J.: 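Take a look at the following structure, please.
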Amino acid sequence: MEQTKNIMQYDTVSLDDENNAIVIIDQTKLPGRIERIQLRTAQEIWEAIYRLQVRGAPAIGVTAAFGIYLLAKAVDTQQYEEFYQEFARQKEYLDSSRPTAVNLSWALKRMERVVLQAKERPVEEIKRRLKEEAVEIWQEDIRVCKAIGEYGLTLLKPGDGILTHCNAGKLAAVQYGTATAPIYLGQERGYGFRVFADETRPLLQGARLTSFELLASGVDVTLICDNMSGAVMRNGWVNAVLVGCDRVAANGDTANKIGTSVVAAVAKQYGVPVYIAAPTATIDLHTPTGDEIVIEQRKAEEVTEMWYQTSMAPQGVKVYNPAFDVTDHRLIAGIVTEYGIAREPYTESLREIFQRKEKEEQRKEEHQS
Ligand code: MRU
């Protein structure tokens, strides 16, 4: 158990290459205990993602990238075909750990591209390149979140009240988080935001994680139950809703933690704008609308037993426990990416964001060569 440092001083996820391990903060133990654990085997990595020991779309992507690198590193062959077959098998396994956050398959596909592009190279070199790519995905997350923070901050004024749902914070990413990035940058610059964190039933990511990390950072945060967002908005305390996402479809429909769509509907009622913080890694132009997003279903016990001393539901009651819901794009005032803010009509603006990204990447490549 480590309790001496502030939660903000620990990496959510990091690579310990020497010991062939991924090191994560076990988020199921927060806020009571800051416990770091090592993941080595494919099953340990799969379970850590499935059990939400590491969670949040960007952090899942980074974990998958480190994971597939370590699993590839352990493949004992010099034959490309044999190496690739084993790589593809492990990639598919990790990809099955959670279905909704597209960052998981995004990171794994990016790693696979490295293997496919280096077909003619010795296996040892491919392994080296895989490590470089995984570390780049990790570092990129910091830059991306910071850029989202800068764009997000342009939507806010000093003293604003901000409501957030679930945890799209540092604990869901590498640093800054996505929805919390404007809050942290604002904090550094004296904006004096007042944040309302929904507790986020049933797994309480808002209570256990968001309020924990914001409090540790000195942000003015108030914890509310999920059914209180209407009350705080009616009181006039909220100027903007700022949340993360697990997958944004091409038309702007957005899957995020269950309850987000309710917050968005309430916000519409009170004229409060809803902004989605979305790295381009979470935008999936291949999914046309929210109807095609696969929503993870989780165990009934998360609703009936978890956190309670005794069961809080009658034995045998039917339970519906989807982990995410889809917020209709018409309820979203803006999607804040690292390349700018997309607005309605999203089908066009999101495409433009990707064009900007492509241009920027080309420019960087030209600059390097
Ligand atoms: O089930 P979780 O805790 O992984 O859900 C996380 C969320 O819904 C976050 O809002 C989303 O992944 C964005 S994280 C920057």
Side-chain angles (χ1 to χ4, degrees), residues 12-13 24-28 30 48-64 97-107 140-142 144-149 152 163-184 197-214 226 241-248 254-264 274-284 290 293-299 302-303 306 321-327 332 335-338:
T12 306
V13 49
I24 60 162
I25 301 170
D26 181 350
Q27 298 194 31
T28 61
L30 296 176
I49 297 174
Y50 175 77
R51 297 186 50 235
L52 274 57
Q53 287 175 299
V54 58
R55 32 69 50 207
I60 293 172
V62 171
T63 305
S97 52
R98 289 190 81 186
T100 307
V102 70
N103 303 58
L104 177 63
S105 54
W106 168 85
E140 207 175 272
D141 185 71
I142 301 171
V144 163
C145 288
K146 179 122 195 269
I148 287 174
L163 188 139
T164 191
H165 188 77
C166 193
N167 174 264
K170 173 229 158 69
L171 287 164
V174 178
Q175 250 181 40
Y176 299 107
T178 59
T180 54
I183 298 171
Y184 286 130
D198 278 355
E199 66 175 350
T200 319
R201 281 274 297 153
L203 294 181
L204 306 182
Q205 289 93 331
R208 296 188 303 106
L209 310 176
T210 303
S211 70
F212 184 45
E213 60 167 269
L214 291 180
D226 294 340
V241 169
L242 198 46
V243 293
C245 54
D246 285 79
R247 191 181 296 240
V248 179
T254 292
N256 189 47
K257 179 53 55 192
I258 189 74
T260 304
S261 68
V262 180
V263 172
V274 174
Y275 299 114
I276 308 290
T280 50
T282 317
I283 301 172
D284 179 9
I293 299 176
V294 177
I295 300 291
E296 175 182 9
Q297 301 292 325
R298 296 187 63 89
K299 289 189 182 132
E302 290 179 353
V303 176
M306 216 165 170
N321 185 18
F324 304 95
D325 61 17
V326 172
T327 299
I332 297 168
I335 298 178
V336 188
T337 78
E338 72 272 30

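Counting starts at 1 for both ligands and their atoms, in listed order. Computed from a prediction, not measured in an experiment: that's the story for all the values here.
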J.: How far is atom 15 (C) of ligand 1 from the closest protein heavy atom, and which atom is that?
T.: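 Scanning the protein heavy atoms, the shortest distance from atom 15 (C) of ligand 1 goes to T178 OG1, 3.1 Å.
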J.: Answer with side chain, backbone, both or neither: which part of N167 has a heavy atom less than 4.0 angstrom from an atom of ligand 1?
T.: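 Answer for N167: backbone.
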J.: Against ligand 1, does A173 come closer than 4.0 Å with any heavy atom?
T.: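 It does not, in that no heavy atom of A173 comes within the 4.0 Å cut-off of ligand 1.
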J.: Just to confirm my output: which protein heavy-atom neighbour is closest to atom 14 (S) of ligand 1, and how far is it?
T.: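 Sorting protein heavy atoms by distance from atom 14 (S) of ligand 1 puts A172 CB, 3.5 Å first.
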J.: Which ligand 1 atoms does K257 reach within 4.0 Å, using its non-hydrogen atoms?
T.: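 Taking each heavy atom of K257 in turn, ligand 1 has 1 (O), 2 (P), 5 (O), 8 (O) under 4.0 Å.
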J.: Which ligand 1 atoms are under 4.0 Å away from a heavy-atom of R98?
T.: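 So the atoms of ligand 1 that pass are 1 (O), 2 (P), 4 (O).
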J.: Taking a cutoff of less than 4.0 Å between a non-hydrogen atom of the residue and any ligand atom, is G177 in contact with ligand 1?
T.: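 Judged by the 4.0 Å heavy-atom criterion, G177 does not count as contacting ligand 1.
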J.: Enumerate the atoms of ligand 1 whose separation from the nearest heavy atom of A168 is less than 4.0 angstrom.
T.: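 In order of numbering, the contacting atoms are 14 (S), 15 (C).
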J.: Could you check atom 9 (C) of ligand 1 against the protein and tell me its nearest heavy-atom contact, residue, atom and distance included?
T.: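 Result for atom 9 (C) of ligand 1: N256 OD1, 3.4 Å.
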J.: Counting from 1, what ligand 1 atoms have a heavy atom of C245 closer than 4.0 Å?
T.: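 Matching atoms, with element in brackets: 11 (C), 12 (O), 13 (C).
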J.: Apply the side-chain hydrogen bond (donor to acceptor under 3.5 Å, both in side chains) test between N167 and each candidate in R208, E213, Q27; give the one that qualifies.
T.: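 Of all the options given, the one that passes is E213.
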J.: Considering only non-hydrogen protein atoms, determine which one is nearest to atom 6 (C) of ligand 1 and report residue, atom name and distance to 0.1 Å.
T.: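 Among all protein heavy atoms, the one nearest atom 6 (C) of ligand 1 is R55 NH2, 3.5 Å.
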J.: Within 45° of the six-membered ring axis of F324 and under 6.0 Å from that ring's centre, is NZ or CZ of K257 located there?
T.: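 Because its charged atom sits under 6.0 Å from the ring centre and within 45° of the axis, K257 does stack over F324.
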J.: Could you tell me, atom by atom, which parts of ligand 1 come under 4.0 Å of a heavy atom of P58?
T.: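 With P58 as reference, the close atoms of ligand 1 come out as 14 (S), 15 (C).
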J.: Which residue owns the protein heavy atom closest to atom 7 (C) of ligand 1, what's the atom, and how far is it?
T.: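 Answer for atom 7 (C) of ligand 1: D246 OD1, 3.3 Å.
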J.: Any non-hydrogen atom of C166 lying under 4.0 Å from ligand 1?
T.: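 C166: in contact with ligand 1 (<4.0 Å).
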